[in-house]
Amino acid sequence: MPELPEVETVVRDLRPLVCGHRITDVINGPHRLRRPWRDEWNERVVGRTVQALDRRGKWIIAELDSPARLLVHLGMTGQFTVAPLTDPLPTHTHWYLVLDGRWRWQFRDIRRFGSVELLADAPTLEAFLAKRLGPEPFALQAQPWLVTLNKSQRPLKALLLDQAVVAGVGNIYADEALFAAGLHPLHPGAATTPAQAERLRVALAAVLTRAIDERGSTIRNYVGGSGLAGRYQTAFAVYGRAGQACRQCGTEIGCIRVAGRSTHYCPTCQPQASA
DNA sequence: CCGACGTCCTGCTAGC
DNA sequence: TGCTAGCAGGACGTCG
């Protein structure tokens, strides 16, 4: 399940493969993605050259040599890769661009929670993202972060999953960051002290940085833009480790349901009433 | 206004 | 051994 480190890895992998390359065709499959691709967008991408590739939260943004901006979300099972056009089309490939008549920049998504769409221009894109996303985790500032947490009665786990609170964190890295900060997932945002908020802010950046260094985590079918898997999953402290011993204290890792998501934590390292 | 919950979708797997 | 129910969860709409 692609979160910030996985999306960042995809973008870094894809950048040299797509930037400077010309889009010579676009093919849209019959299966509807979460946000469907419109046929009238075809003529606005064909003939254009990819100028830049960026990430904001879990969204991938392709800048073209026109005002239009391509916006991609990998959802749960999305794979965004470049392969020779002569390679067989992978199953569940719902959309692709042909680059220079030789390469297939393909969007494969088994569960179709992902999307590929075209936005008119940079301001439209900015408005789209601003409406949905809070700050990047690396750009969080101590005081505003504390204020945001303290404003809400929701548990810290729910706040970390909320893209408007902080952009790019999903179920895996929320659990890992809370462990690294020594905070219980159910700890109410409003009850968070300045010291706790600071621990969480630092832990988030540390966990995400390390995950990016490891090319993200491959849990089910995530691959980077070059088709290479991630390796951070071997470093998980809590995620997917329910019933196993905590690497830090030996206590059995617990699993509870928070904000509709399975949530993994160490009852000893992350005490309910931690100060 | 805020927060909780249901929905989408398919593949894997636990359990009978 | 084979079947099926249940689970996985990111974003967003709806409901209380």
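A quick note: this is a predicted structure, and the numbers were derived from the prediction, not measured. Lettering of chains follows the sequences in order, A, B, ..., and the numbering in each one begins at 1.
- As judged by a 4.0 angstrom heavy-atom cut-off over every strand, A:S115 is placed among residues making no nucleic acid contact.
- Applying the side-chain hydrogen bond (donor to acceptor under 3.5 Å, both in side chains) definition to pairs two or more places apart or across chains, those involving residues 59-70 of chain A are A:R48-A:D65.
- Listed by first then second residue, pairs satisfying salt bridge (Lys or Arg N to Asp or Glu O under 4.0 Å) with a partner in residues 168-184 of chain A read A:K157-A:D175, not counting sequence neighbours.
- Of the residues A:L97, A:L53, A:V11, the one that meets the side chain to side chain contact (heavy atoms under 4.5 Å, CB included) test with A:V18 is A:L53.
- Rounding to whole angstrom units, NE2 of residue A:H264 and C1' of C:dC7 are separated by 12 Å.
- Residue pairs meeting the salt bridge (Lys or Arg N to Asp or Glu O under 4.0 Å) criterion with at least one member in residues 229-255 of chain A, sequence neighbours excluded, are A:E214-A:R231.
- Between the C1' atom of C:dA11 and the CG atom of A:D162 lies a distance of 11 Å, rounded to the nearest Å.
- Among the nucleotides C:dC12, C:dA11, C:dG10, the one closest to the side chain of A:L161 is C:dG10.
- A straight line from CZ of A:R257 to C1' of C:dC7 spans 8 Å, rounded to a whole angstrom.
- Residue A:V238 shares its hydrophobic cluster (ILVMFWY side chains chained together at separations under 4.5 Å) with A:F179, A:I253.
- In this structure, A:H73 places its NE2 atom 7 Å from C1' of C:dA11, rounding to the nearest Å.
- Stem list for DNA chain C (at least 3 consecutive Watson-Crick or G-U pairs, distances under 3.5 Å): B:2-16 with C:2-16.
- Computed from coordinates, the A:I110 CD1 to C:dG10 C1' distance equals 16 Å when rounded to whole Å.
- Here A:Y239 lies in heavy-atom contact (under 4.0 Å) with sugar-phosphate atoms only.
- Contacts of A:Y239 classified as ring-ring contact (aromatic ring centres under 6.0 Å, His included), with partners at least two apart in sequence or in another chain: A:F236, A:H264.
- For the pair A:E3 CD and C:dA8 P, the computed distance is 15 Å after rounding to whole Å.
- Evaluation of the ring-ring contact (aromatic ring centres under 6.0 Å, His included) rule for A:W37 yields A:W41, A:W95 as partners, not counting sequence neighbours.
- A:L129 places its CG atom 15 Å from the C1' atom of C:dG10, with the value rounded to the nearest Å.
- Not one N or O on the side chain of A:D25 forms a donor-acceptor pair closer than 3.5 Å with the backbone of A:G101.
- Side-chain contact check for A:E6 and A:Y232: no donor-acceptor pair (N or O, by modelled atom type) lies under 3.5 Å.
- The residue A:R35 sits close only to the backbone: its heavy atoms come under 4.0 Å of sugar-phosphate atoms, none of a base.
- Identified under the ring pair (Phe, Tyr, Trp, His ring centres under 6.0 Å) test for residues 139-168 of chain A, with sequence neighbours left out: none.
- Scanning for side chain to side chain contact (heavy atoms under 4.5 Å, CB included) contacts around A:A229 gives A:T218, with sequence neighbours left out.
- Nucleotides of DNA chain B lying under 4.0 Å from heavy atoms of chain A occupy a range whose first and last members, 5' to 3', are B:dG3 to B:dG11.
- Side-chain to base pairing of A:R261 with C:dG10: one donor and one acceptor N or O lie within less than 3.5 Å of each other.
- Map A:R112 and A:S152 each onto its nearest nucleotide of DNA chain B; the residue landing nearer the 5' end is A:S152.
- Contacts of A:R34 with the nucleic acid, taken as non-hydrogen atoms under 4.0 Å apart, include base atoms.
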Review item, nucleotides 14-16 of chain C N/O atoms under 3.5 Å of protein N/O:
none

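- Taking a 4.5 Å side-chain heavy-atom cut-off between Ile, Leu, Val, Met, Phe, Trp and Tyr, the cluster of A:L146 contains only that residue.
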